[in-house]
Amino acid sequence: MPEAVLISYVKKKSFFHKLNPLTKLVLAVCAITLSFLLKNFMYNLILFFFIIPFAYEAKLLRQVFKPLRYLFIIFVFLFGIQSFFYPFRETVLVQLPFGFAIWLEGLLYAVDISARLLVIMVYGYLFVLTTHPGDLVSELKERGMPHWLGYVLITTLQLIPRVTSQTEVIIEAQRSRGLETQGSVIKRLKAYTPLLGPLFMGSVQNAVERAMALEARAFRAECDKTRYRDVKFTKQDKLITASSIILSIIYGVVSWLL
Amino acid sequence: MAIVKFKDFSWTYQGYKKPTLRNINLSVKEGEFLGVIGRVGSGRSTFCMTMLGLIPHFFPGRIKGELVVDGLSVEESSIAELSTRVGLIFQSPDTQLTGAGTTVEEELAFGLENLGVPQKEMNKRVKKMVKLIGLESFRNRSPFELSGGQQQKVAIASVLIMQPRILVLDEPTAQLDPLGTSQVFDLIKKLAKKGITIILNTQKINYLAEFADRVAILNKNKLVKVDKARKILTDVKLLRRNGIIPSVYTQLSEQLIKEGLYKGSLCLTLGDAKKMIKKVVKK
């Protein structure tokens, strides 16, 4: 279950993995912000393909593009709806019967959004793939995030799989007492309501016990906290952070000047 | 010198009329191993929670009398202060892992992070603890992937790492399988040898018989009796009156005495039973 525990971090030995989580975050945020500011989709597509050297360095070239298949369904709807019903339509591209038409503006708009989604997806995903949540939280805490918030973030990631498995246990238990979980949608919804009670009560009970465990570890001690995970912000991090910001600005400006 | 001292201590949870602990008078010496036994609902878990200050600081209620732990009055100290003196272990191996660490090592270090211990010192102590509980090959695994017994050992180590002088264990093996149980008791035995004061609430009389110095019986929210372990655990009448089943070895010797096959005192441990059986067989 280690994969589920840490959502989707993939451990690899690469320069990109070793970068400070904040550096990678800055890179992702730069790319995502850019995707909204660039003049047209051509620039976004270039930005999209610019992930390749990073992903290759991180040895995750194939994984980074994997979630794109989920985008496919969104694209179908996006193109379907926008090319027919875009509000600022002017130019007819293809005239269809019954007064329907495919509009050029709508089509371009859909292309625009799709290119943006592609950029957001790959840069966001590369960040998630290469950054250990523990490192990210440790670094954020070091930069002033409250201690308790750091705990909340990291535990949430860890406890989601716990709640899932707890739900499964309850479902099995109810099923063995004759609960029907198959059939029509309404039947299924009905079947799942009795799960909520035990699941909710169980979670509250667990929360109380966990709170006691936290107390036993001096969680509320009033002193400067230290950290076990060592995350360094090196010269390379400085260089990459600075150049991502500067290059983003240049690229954004160039897209509007050309 | 007494490291834990209850003086006429009573505790009533908010919303309850009757006290859950009534007039407890008890002192525990440094380095002592005290077993706590009693039937379900006798107030044993509450008793364990007092020493870390969960009572009265975490649960609301009324306190009477006094409790001093390692020189600190529990009522006047914070839980954080007490947590460097008292380590408390609960039943459930799963929920007492805080989830703050993505690996065993980080889970162990969490208490030290909270106390602001420098990183170098942290590394040193974590290494020592991992070795102590024998989980070297698991140190970079998620604690949630471990077996119940291993999780419980991690929980014990994550409290021990804060170097408390007193370790309070509230039924640490109640949810474990036999293998996990024996793993945890092996660790407790190791710790007892190191001279940490241990207060262990358990139903596992067989294990308790082997290493407790003294045993306290709680019943109906009162401390019924405290005495040498052997004296209490072989007092069959006293045990039964308080709803506790004696150790299997004691039961065996009782049966043999009743049937006239054996003349001697009641057995308590495996060692006793061996001697007894040798005698019976010789006859």
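Computed over heavy atoms, backbone and side chain alike; hydrogens, waters and symmetry mates excluded. Naming convention: chains lettered A, B, ... in sequence-line order (proteins, then strands); numbering from 1 in each chain. None of these values were measured; they are calculated from a predicted model.
In terms of modelled atom types and a separation under 3.5 Å, the side chain of T226(A) and the main chain of V117(B) share a donor-acceptor contact. Under the 3.5 Å distance criterion, the side-chain polar atoms of K225(A) are matched with a main-chain donor or acceptor of N114(B). Side-chain atoms of Q158(A) come within 3.5 Å of backbone N or O of G99(B) as a donor-acceptor pair.
Of the two parts of A207(A), neither the backbone nor the side chain holds a non-hydrogen atom closer than 4.5 Å to a non-hydrogen atom of chain B. Proximity to chain B involves both the backbone and the side chain of I154(A), based on heavy atoms less than 4.5 angstrom apart. Proximity to chain A is absent for every atom of V86(B), based on heavy atoms less than 4.5 angstrom apart. Neither the backbone nor the side chain of S78(B) has a heavy atom closer than 4.5 Å to any heavy atom of chain A. Looking at N206(A), both its backbone and its side chain come within 4.5 Å of chain B, counting heavy atoms on both sides. Of the atoms belonging to I89(B), not a single heavy atom falls under 4.5 Å from chain A. Contacts of Y151(A) with chain B are made by side-chain atoms alone, with heavy-atom separations under 4.5 Å and no backbone atom involved. Using a 4.5 Å cut-off between heavy atoms, L115(B) contacts chain A through both its backbone and its side chain.
Residues Y228(A) and Q119(B) come closest through the heavy atom pair O-NE2, 3.4 Å. Closest heavy-atom contact between Q96(B) and R217(A): O-NH2, 2.8 Å. Across every non-hydrogen atom of A216(A) and L88(B), the tightest pair is CB-O, 4.3 Å. Taking each heavy atom of L97(B) and R210(A) in turn, the nearest pair found is O-NE, 3.1 Å. Here the shortest heavy-atom pairing between R227(A) and E113(B) reads CA-OE2, 3.3 Å. Here the closest heavy-atom approach between residue S83(B) and residue A218(A) is recorded as OG-CB, 3.3 Å.
K11(A) NZ to N140(B) CG: the interatomic distance, rounded to the nearest 0.5 Å, is 6.0 Å. Considering CG of L52(B) and CD of E215(A), their distance stands at 8.0 Å, rounded to 0.5 Å.
Put simply, of A155(B), G53(B), P164(B), G101(B), the one with the most heavy-atom pairs under 4.5 Å next to chain A is G101(B). For the options E106(B), H57(B), R141(B), Q91(B), heavy-atom pairs under 4.5 Å to chain A are most numerous at E106(B).
T95(B) has its side chain out of reach of Q205(A): every pair of non-hydrogen atoms, C-beta onward, lies at least 4.5 Å apart. Using a 4.5 Å heavy-atom threshold, the side chains of L159(A) and F144(B) count as touching. The closest side-chain heavy-atom distance from E209(A) to F90(B) is not below 4.5 Å.
Comment: E81(B) does not engage R220(A) in a salt bridge, judged by the lack of any side-chain N to carboxylate O separation of less than 4.0 angstrom.
A 6.0 Å sphere centred on CG of D224(A) holds no more than 12 heavy atoms belonging to other residues, nucleotides or ligands. Annotation for R143(A): atom CZ counts as buried by contact number, over 12 foreign heavy atoms lying within 6.0 Å.
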